[in-house]
Every structure is written in structure tokens, then in C-alpha cells.
Amino acid sequence: MNILDRILQSKRREVDALRATGYYQAITTVSPVESVASMAESIRLSPTGIIAEFKRRSPSRGLINGTADVERTIEGYASEGAAACSVLTDTPFFGGAPSDLARASRVAGRCRLPLLRKDFIVSREQILEARMLGASSVLLIASVLTPCELADFAEYARSIGLETLVEIHASDELDRVTGIGADMIGVNSRNLADMSTDISHAMRMGDEVAARCGGAVIVAESGIGSIEDINNLRQYGYSGFLIGERFMRESDPVHAFHVFLTCS
């Protein structure tokens with residue numbers, strides 16, 4: 001069993017347990033955060049296109065940053081010019097929690113910063129929870145969902161006011177994401193099966209994705225280490241750039257973001 005299989009097994013157990021406790025039924029009685037900003041539009045209009053991520057740990061790297069405060073970090077990312085922020089909400093493998101998204105939302109709402117709930121979505125309930133916690137969009141990973149699930153989750157997200165970032169890694173996954181109305185298509189340079197990363201993978205796929213996905217915003221994920229990487233990726237049709245570990249591995253992620261923009 002590879003890392004991705006273990007994560008998905010854990011996630012399905014987690015969702016089943018929360019469903020059994022009545023948690024998901026309870027959140028339907030909560031008023032959702034109102035007037036969230038469009039992540040796709042923010043990326044289109046942003047001079048940086050950067051989706052700055054808040055992530056405490058990863059299965060491949062272990063602990064990345066155990067001290068950064070989510071509200072301070074999100075507020076700092078916004079002030080430095082992030083187009084959007086991604087918040088990891090998986091606990092066992094990434095050290096996050098839904099409460100991180102709720103706290104980030106309090107800050108993001110003040111500055112009209114879009115938030116992506118980054119998790120392994122395997123149920124409609126998680127999508128609803130993301131909306132209630134203040135996300136602007138949710139991540140849907142093509143490789144872990146059936147074509148029917150992918151289309152259903154994308155439609156359900158739209159119906160409750162959420163955008164979708166649909167992630168692919170392999171070229172054959174393009175057939176599954178075209179036509180489902182994704183607001184954003186992400187190409188992950190990290191292979192989730194073994195967690196290896198090769199940024200040239202995104203460059204090889206960029207033109208094909210841009211040609212086949214209509215007006216969707218195209219996002220490069222993982223392995224981006226410099227402004228030069230971003231400039232190179234723009235040539236292949238990308239306008240969004242999801243960056244996490246590059247900032248979070250420093251004690252002050254906001255300062256690391258500032259240095260990235262000014263000194264790369």
C-alpha cells in the first residue's frame with residue numbers, strides 16, 4: 001500500500017466516523033460564511049498568481065513548521081500580494097484541521113482573500129463543510145475519484161457557491177476533467193503515489209491542458225522554488241502557482257514569501 005492509498009483509507013474512515021456522530025448533519029444548521037471571493041478571478045487579476053499555502057507537515061517531509069500561526073500567516077500572505085491561500089485541513093498526514101480553515105477565514109474575509117480547502121475530498125459532506133468554514137474553493141483530485149464522483153462533486157460545489165480546483169497528474173486524467181465545468185485545473189508535479197516531484201512534468205503538460213480546458217485557470221502545483229520557475233511556467237499557459245513548502249519550511253513563512261518575491 002503506497003502513501004496515497006494509506007491517506008485515502010484514513011480519510012474514508014474519518015468521514016464515516018463523522019457521519020456516524022451526526023456532525024455533518026449538524027453543520028447543515030450553521031449559516032455559511034457569506035460573500036467569499038472568487039479564487040479563479042483573483043488569480044486572473046493578480047500580478048503574482050501565487051496561491052500561498054499553510055501546511056504544517058507532509059508525508060514525505062514530516063514536520064515542516066510546527067510554530068507558525070495560521071491567522072498571522074494568512075494575513076501576512078495577503079499583505080505580500082498572494083492571489084489566494086491554500087489551507088491543509090487533513091490531520092493525520094498533514095497536521096492540519098478544519099479549525100485552521102475557520103481561523104483563516106476570519107482573516108481572509110477582511111481582505112477579500114480567496115481560500116482553498118486542500119484535503120482529500122471523498123464525500124459531498126466535506127464540500128459542504130468547506131463552504132460553511134469559509135472556503136472559496138475546494139480541491140478535487142482526479143486520480144482518487146471516479147468520473148461520476150468527479151462530475152457530481154464539481155456540480156455540487158457549484159450549487160452551494162464554491163469553485164473547484166481539479167487536480168491532475170497524468171495526461172490520461174485530462175479526459176476525465178474536461179467538460180465538468182472546473183473553474184481551475186491544477187497540474188501537480190508531485191506524484192502522489194510515491195511523493196516524488198519533477199517541475200518539468202508541469203511544463204510538459206501545460207500546453208495540452210490549456211488547449212483542452214477552455215477558459216479554466218491553469219494552476220501549477222508543487223516544486224516551484226523561484227520566480228524564474230514561475231516565469232518559465234507562464235510560457236506553458238499557467239497563471240496560478242501553488243507554493244507551500246518553499247515558504248512554510250522557514251520559521252517566518254511571511255518573510256520567506258517576501259524574500260521570494262523581492263530577491264529571487
*Please check if atom CZ in R204 has more than 12 non-hydrogen atoms from other residues, nucleotides or ligands closer than 6.0 Å.*
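Yes, the 6.0 Å shell around CZ holds more than 12 heavy atoms from other groups.
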
*List the steps, then state whether side-chain hydrogen bond (donor to acceptor under 3.5 Å, both in side chains) holds for T89 with D119.*
CA-CA 6 Å; T89 57; D119 207 319; 2.6 Å; yes

Between the side chains of [Y] and [X], is the shortest nitrogen-to-carboxylate-oxygen separation below 4.0 Å, so that they form an ion pair?
X: R19; Y: D16; value: yes
X: R72; Y: D252; value: yes
X: R212; Y: D175; value: yes
X: D152; Y: R124; value: yes
X: R117; Y: E129; value: yes
X: R190; Y: D198; value: no

*same_hphob_cluster(L45, M39) at 4.5 Å side-chain heavy-atom cutoff*: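 L45 and M39: separate clusters.
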
_Side-chain heavy-atom pair L261, I50 within 4.5 angstrom cut-off_ =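 The answer is yes, as the side chains (C-beta and beyond) meet within the 4.5 Å cut-off.
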
*Backbone N/O of S86 and side chain of E53: donor-acceptor pair under 3.5 Å*: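 Side chain of E53 to backbone of S86: no pair is present.
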
*asked:* Would E221 and S189 count as a side-chain hydrogen bond (donor to acceptor under 3.5 Å, both in side chains) here? Give the steps.
replied: CA-CA 6 Å; E221 305 175 29; S189 292; over 6 Å; no

